[in-house]
Amino acid sequence: MLHACQRLSNLFRHERTAAAMLFFFAAIAMILSNSGIAENYHRFWLSTFYFPLNDEHYSLGSPLQVINDGLMTLFFLLVGLELKREIIRGQFSDLKHLALPLFSALGGVIIPAIAFLMITWSTPTLWRGWAIPTATDIAFALGVFSLLSHRAIPSLKKCLVAIAIMDDILAILIIALFYSSGLNPASGFGLAICLLILFMLNKLKVSALTPYLLIGIAVWWFVHAIGIHATLSGILLSFFIPCRARPSSSDNHDTPLHRLEHRLQPIVNLIVLPLFALANAGLSFDGLKIEDLLTPLTLGVVVGLFLGKQLGVVFGSYFAVRMRFALLPENVTWSQFYGMALLTGVGFTMSLFIGQLAFAHEDQQQALRLGVIAGSLLSAVAGFLVLRKHHKHASS
């Protein structure tokens, strides 16, 4: 029985299995949202749950909030751990390799915003949505990449993770600066105290994971209370998980970071990502027409995601390489990098989230959803085809 459980755990660490589950549950969500039970499906995810305590009832939020603000923090913690490992000991330990995703992410935020504003320039009421096409949905972008052989271009996958994390951090900062009604400075002080404690635990070489995770819960609470997207706490916590082996261990890979990464993988792949897809991919096509793609808001989002993201990432990286600030990942050609750049146009959840903050009217929300679906789908299909083509050429 134990052996079977171990085999199941190893199966769900496999990236292609995780990607298949992600898209399977996304398909289930799409089917349900366009079926006869669509109303019940959407009502469930948006309903509020309460728990009783001392004759009072306290809100737990909606299932959608629990998944997007709570469980997805584990996903961001996992990708943050992977990024930290690469910064300390791997591909991004060279500053020139780390500079590449930074410049790429900056280009991938600036150019899509400009593209959106160019399309919507004649409609000033839509300018507020300029940030919608700036973010990458890490889960779905990695899911598409993982449909390729996981041994295909490992350094390119790491670059995609780094770019996606950086431009999602930029998107979260954009939300805080331009789409928040007001930040809570008292919670900011609490967050600073928590980060100081995490820093001291690291400096004191504490190798047990429990203290970091307990403080990590407080970090999540304060990030949420500040008014910033709570999943940022996962990335913040990952920066403080030690990447050094315990003094009593002879295994250089027996680090707190490696242990936590190993434990999180099956949880994220088996539970978090399928629930994320089931809750977020349920978009209705009821009443949508082909000509709706040509409305300014929809077209602005499509152009921003599909053209703006690829141009921004490629131009940002090309500038950095030409100026000798950065280097391309090892064994990666510009054609392969371009395929990866296309995948950064998979905006989906973060784009929908920013769109909900920018526009309240239902007609605008419908146009926004169509634009995000179309732009993300175009980016995913084009990126997959380009990467598969050039991987075959590289392998032959």
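We're numbering straight along the sequence, starting at 1.
- Here the shortest heavy-atom pairing between Asp137 and Gly347 reads CB-O, 3.0 Å.
- When all heavy atoms of Val272 and Leu71 are compared, the closest pair comes out as CG1-O, 3.5 Å.
- Ring orientation note: the planes of Trp220 and His224 are close to parallel, at an angle under 30° on the 30°/60° scale.
- Aromatic ring orientation, Phe319 versus Phe103: tilted (interplanar angle from 30° to 60°).
- Closest of all the heavy-atom pairs between Ile174 and Val109 is CD1-CG1, 4.0 Å.
- Heavy-atom minimum distance, Lys309 versus Pro112: CD-CG, 3.4 Å.
- Residues meeting the ring-ring contact (aromatic ring centres under 6.0 Å, His included) test with Phe337, sequence neighbours left out: Trp334.
- Put simply, the side chain of Ser351 reaches to within 4.5 Å of the side chain of Leu305, judged on heavy atoms.
- Using a 30° and 60° split on the angle between ring planes, Phe140 and Phe276 fall in the tilted class, from 30° to 60°.
- For Phe315, the CZ atom sits in a loose shell: 12 or fewer heavy atoms of surrounding residues, nucleotides or ligands are nearer than 6.0 Å.
- Val346 and Ala141 get closest at one heavy-atom pair: CG1-N, 4.2 Å.
- In this structure, Ala341 and Val314 approach most closely via the heavy-atom pair CB-CG2, 3.7 Å.
- Listed by chain and number, the residues in a salt bridge (Lys or Arg N to Asp or Glu O under 4.0 Å) with Arg369 are Glu362 (sequence neighbours excluded).
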